[in-house]
There are 2 protein chains.
Amino acid sequence: MNNRIQELRQQRGWSQAHLAETLEVSRQTVNALERGRYDPSLPLAFRIARLFDLTIEDIFQP
Amino acid sequence: MNNRIQELRQQRGWSQAHLAETLEVSRQTVNALERGRYDPSLPLAFRIARLFDLTIEDIFQP
DNA sequence: GATTTGTGTAAAGCATGCTTGACATATGGC
DNA sequence: GCCATATGTCAAGCATGCTTTACACAAATC
């Protein structure tokens with residue numbers, strides 16, 4: 001599953017660590033998601049979508 | 001996380017077993033999701049949303 | 001009364017999501 | 001050169017998602 005997390009994060013000038021704090025996950029989790037190592041849980045996908053003010057469908061492409 | 005899976009399934013007159021086959025998961029998984037025992041993975045949430053022709057946000061409420 | 005269909009649940013096991021701690025590398029400022 | 005920041009990765013461990021097998025119960029049909 002592809003996602004636009006890195007693109008959306010960089011648009012805002014945030015580090016992976018800053019995004020991780022905001023989402024209340026570890027920095028390693030943000031890194032793994034951006035690199036496509038695994039998909040987020042549904043609750044985390046909702047937090048990501050809300051943070052960027054987008055829908056889950058806008059950010060994740062199955 | 002609440003969801004409308006049971007409502008959407010019953011609107012269509014489907015059994016849990018039929019929905020499970022369509023989604024390519026076990027009947028126990030459908031039952032667990034409807035009863036709120038756990039949330040689906042993001043890929044499964046996408047399959048559910050597509051099947052009912054709705055967005056993930058329409059079906060799942062965090 | 002026996003059978004079938006639909007639903008709920010439990011146990012055991014494997015796969016995935018997420019954690020902490022640690023280390024490596026690159027880049028930029030001093 | 002040294003330090004700080006940012007990123008990538010690994011290992012071990014715990015939590016969650018999903019499977020198969022199995023059993024129980026209710027309602028409908030025969």
Side-chain angles (χ1 to χ4, degrees):
Chain A
M1 172 128 39
N2 282 347
N3 71 69
R4 297 173 50 214
I5 297 176
Q6 179 172 21
E7 167 196 347
L8 295 165
R9 173 180 66 81
Q10 289 178 340
Q11 281 176 4
R12 286 156 180 79
W14 295 343
S15 67
Q16 292 181 348
H18 175 77
L19 176 56
E21 284 169 27
T22 307
L23 293 172
E24 295 184 306
V25 292
S26 69
R27 179 181 70 82
Q28 287 85 339
T29 293
V30 167
N31 187 276
L33 295 176
E34 287 193 356
R35 313 213 85 234
R37 289 169 56 76
Y38 49 73
D39 298 318
S41 67
L42 189 55
L44 179 52
F46 267 97
R47 299 207 299 280
I48 294 167
R50 290 188 161 181
L51 176 60
F52 291 120
D53 201 27
L54 293 169
T55 66
I56 290 178
E57 284 83 354
D58 284 332
I59 301 177
F60 299 90
Q61 301 97 27
Chain B
M1 171 130 35
N2 282 347
N3 71 69
R4 297 173 49 213
I5 297 177
Q6 180 171 19
E7 167 198 348
L8 295 164
R9 173 178 65 81
Q10 289 179 339
Q11 281 176 4
R12 286 155 180 80
W14 295 343
S15 67
Q16 290 182 350
H18 174 76
L19 176 55
E21 284 169 28
T22 307
L23 293 172
E24 297 183 305
V25 293
S26 68
R27 179 180 70 82
Q28 287 81 344
T29 293
V30 168
N31 186 276
L33 295 176
E34 287 193 357
R35 313 212 86 236
R37 290 169 53 78
Y38 49 74
D39 298 318
S41 67
L42 190 55
L44 178 52
F46 267 95
R47 299 209 298 281
I48 294 168
R50 289 187 163 180
L51 175 60
F52 291 119
D53 201 28
L54 293 170
T55 66
I56 290 178
E57 283 83 354
D58 285 332
I59 301 177
F60 299 91
Q61 302 97 27

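Naming convention: chains lettered A, B, ... in sequence-line order (proteins, then strands); numbering from 1 in each chain. The figures here come from the full heavy-atom set of this structure, side chains too, leaving out hydrogens, waters and symmetry mates.
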Self-check item: Separation of atom CG in B/L33 from atom P in D/dT16, rounded to whole Å
Solution: 15 Å
Quiz item: Which whole-number value in Å describes the distance from A/I48 CD1 to C/dG17 P?
Solution: 12 Å
Quiz prompt | Test item: B/N3 side-chain N/O and B/L33 main-chain N/O as donor-acceptor pair under 3.5 Å | solution = yes
Practice problem: Would you tell me if any nitrogen or oxygen in the side chain of A/Q16 comes within less than 4.0 Å of OP1 or OP2 on D/dG8? | Solution: yes
Quiz prompt | Presence of A/R9 side-chain N/O under 4.0 Å of D/dT7 phosphate oxygens OP1/OP2 | solution = yes
Quiz item: A/L51 and side chain to side chain contact (heavy atoms under 4.5 Å, CB included): which partner among A/I59, A/L8, A/L23?
Solution: A/L23
Quiz item: At under 4.0 Å, does any side-chain N or O of B/T29 touch on OP1 or OP2 of D/dG17?
Solution: no
Quiz item: When the distance from OH of B/Y38 to P of C/dT9 is rounded to whole Å, what number comes out?
Solution: 13 Å
Practice problem: Measure the distance from CG on A/L44 to C1' on D/dA15 and round it to the nearest whole Å. | Solution: 14 Å
Exercise. Look at B/E34 together with B/R9 and state whether they make a salt bridge at an N to O cut-off of under 4.0 Å.
Key: yes
Exercise. Ignoring backbone atoms, test whether A/S26 places a side-chain nitrogen or oxygen under 4.0 Å from the OP1 or OP2 oxygen of C/dT19.
Key: yes
Self-check item: Rounded interatomic separation in angstrom, taking CD from B/Q6 and C1' from C/dG8
Solution: 12 Å
Exercise. Give the rounded distance in Å between these two atoms: CD1 of B/I5 and P of C/dG8.
Key: 13 Å
Quiz item: With distance as the sole test, does A/N31 use its side chain to make a donor-acceptor pair with the main-chain N or O of A/Q28 at under 3.5 Å?
Solution: no
Quiz item: Would you say B/R27 reaches D/dT20's phosphate, i.e. side-chain N/O to OP1/OP2 under 4.0 Å?
Solution: no
Quiz item: Over how many whole Å does the gap from A/L42 atom CG to C/dT16 atom C1' extend?
Solution: 15 Å
Quiz item: Do any side-chain nitrogens or oxygens of A/S41 fall under 4.0 Å of OP1 or OP2 in C/dT16?
Solution: no
Exercise. Remember a base hit wins even if backbone is also touched, and classify B/E24 as base, sugar-phosphate or nothing at under 4.0 Å, heavy atoms.
Key: sugar-phosphate
Quiz item: So, is A/N31 near the phosphate of D/dT7, with a side-chain N or O under 4.0 Å from OP1 or OP2?
Solution: no
Quiz prompt | Earlier contact from the 5' end, DNA chain D, for A/S15 and B/Q28 | solution = A/S15
Practice problem: Check B/I56 against A/E57 and note the closest heavy-atom contact, atom names and distance. | Solution: N-OE2, 2.6 Å
Quiz item: How close or far is atom C1' of D/dT9 from atom CZ of A/R37, stated in whole angstroms?
Solution: 7 Å
Quiz prompt | Upstream residue (5' side of DNA chain C) when B/P43 and B/R35 are each assigned their closest nucleotide | solution = B/R35
